[in-house]
Amino acid sequence: MRLLIMGPPGAGKGTQAKAVADHFGVPAISTGDIFRANVGQGTPLGVEAKRYMDAGEYVPDEITNNMVRDRIAEPDAEQGFLLDGYPRTLAQVTELDGMIDATGHQLDAVLVLTVDTDAVVGRLLKRAEIEGRPDDTEDVIRRRLEVYAEETEPLIEVYATRGLVVSVDGMGDIAEVQQRIFDALDSVPQS
Ligand code: AMP
């Protein structure tokens with residue numbers, strides 16, 4: 001199973017990504033988590049990425065693409081993967097197409113979590129208190145939502161044209177949303 005999970009910041013992608021990935025027995029690959037791990041370890045990649053992340057901006061495509069290419073080449077991703085937070089730009093869509101083509105497989109579905117924007121801001125502010133992420137201040141949250149609307153939301157249409165989008169209402173408690181996702185994805189044929 002090769003899946004993407006999309007939705008605005010705060011839609012609950014990370015939480016649901018892990019459950020869905022477990023369900024299908026594939027790794028959940030979160031570019032945000034990989035960047036944060038690198039920031040935490042102070043690697044050159046982390047130092048570079050932090051500048052953008054702290055401002056709510058996207059890390060440049062070239063850096064992100066290379067990181068994803070390396071990650072999906074790992075043995076655990078051979079049978080499939082769920083990408084969380086990638087692709088986020090049109091250029092990343094093209095790169096990912098090339099990466100998947102090269103494996104002789106195809107993307108099976110793009111799961112889109114739909115949420116109410118006001119609720120999302122509330123969720124992010126709450127997470128900021130709990131996790132203390134430096135990119136969860138109110139200004140940065142606003143910027144991240146803006147960048148998402150400008151750069152990433154249009155990708156849903158691109159994948160919809162390919163007939164890959166599975167839209168699920170992301171509002172409600174975690175278990176409820178999870179059940180909706182499983183119901184929606186279980187009818188998707190796996191390549
Ligand atoms: P996330 O945890 O998915 O919200 O990602 C946190 C931050 O990491 C984002 O606000 C971006 O700065 C950076 N990031 C994660 N994924 C990408 C991506 N696909 N392209 C560019 N930047 C990304």
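Quick caveat: nothing in here was measured; it's all calculated off a predicted structure. Whatever order the structure lists ligands and atoms in, that order sets their numbers, starting from 1.
The nearest heavy-atom contact from the protein to atom 15 (C) of ligand 1 is Arg88 NH1, 3.2 Å. For atom 19 (N) of ligand 1, the closest non-hydrogen atom on the protein side is Gly85 O, 2.8 Å. Among all non-hydrogen protein atoms, the one lying nearest atom 6 (C) of ligand 1 is Arg36 NH1, 3.6 Å. Considering only non-hydrogen protein atoms, atom 20 (N) of ligand 1 sits nearest to Gln92 NE2, 2.9 Å. The shortest contact between atom 23 (C) of ligand 1 and any protein heavy atom is with Phe35 CE1, 3.7 Å. Considering only non-hydrogen protein atoms, atom 22 (N) of ligand 1 sits nearest to Val59 N, 3.1 Å. With respect to atom 5 (O) of ligand 1, the closest heavy atom belonging to the protein is Gly32 CA, 3.5 Å.
Although no hydrogens or angles enter the test, the distance criterion places no donor-acceptor pair under 3.5 Å between the side chain of Asp108 and the main chain of Leu3. Checked by atom type and distance alone, the side chain of Gln16 never pairs as donor or acceptor with a backbone atom of Gly12 at under 3.5 Å. Under a 3.5 Å cut-off, the side chain of Lys13 and the backbone N or O of Ile5 do not form any donor-acceptor pair. Formation of a donor-acceptor pair under 3.5 Å by the Glu176 side chain with backbone atoms of Met171 is not found in this model.
A heavy-atom separation below 4.0 Å is found between Glu57 and ligand 1.
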Are Asp183 and Arg180 close enough, and set up right, to give a salt bridge (charged side-chain N to carboxylate O under 4.0 Å, His left out), and what steps lead you there? CA-CA 5 Å; Asp183 290 346; Arg180 278 182 214 138; over 6 Å; no

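Using a 4.0 Å cut-off between a side-chain N of Lys or Arg and a carboxylate O of Asp or Glu, Arg142 and Glu138 qualify as a salt bridge.
In terms of N/O distances under 3.5 Å, ligand 1 is not approached by Tyr86. Residue Tyr52 has no N or O atom closer than 3.5 Å to an N or O atom of ligand 1.
Counting heavy atoms from C-beta outward, Glu57 and Arg143 have side chains that approach closer than 4.5 Å. By the 4.5 Å heavy-atom criterion applied to side chains, Arg162 and Val110 are not counted as neighbours.
In the vicinity of Arg144, heavy-atom distances shorter than 4.0 Å reach the ligand 1 atoms 4 (O), 10 (O). Close approach of ligand 1 to Thr64 (heavy-atom distance below 4.0 Å) involves ligand atoms 18 (C), 19 (N), 20 (N), 21 (C). Near Thr31, the atoms of ligand 1 lying under 4.0 angstrom from a non-hydrogen atom of the residue are 15 (C), 16 (N), 17 (C), 19 (N).
Side-chain contact of Tyr58 with Thr64: a donor-acceptor pair under 3.5 Å is absent, judged by distance alone.
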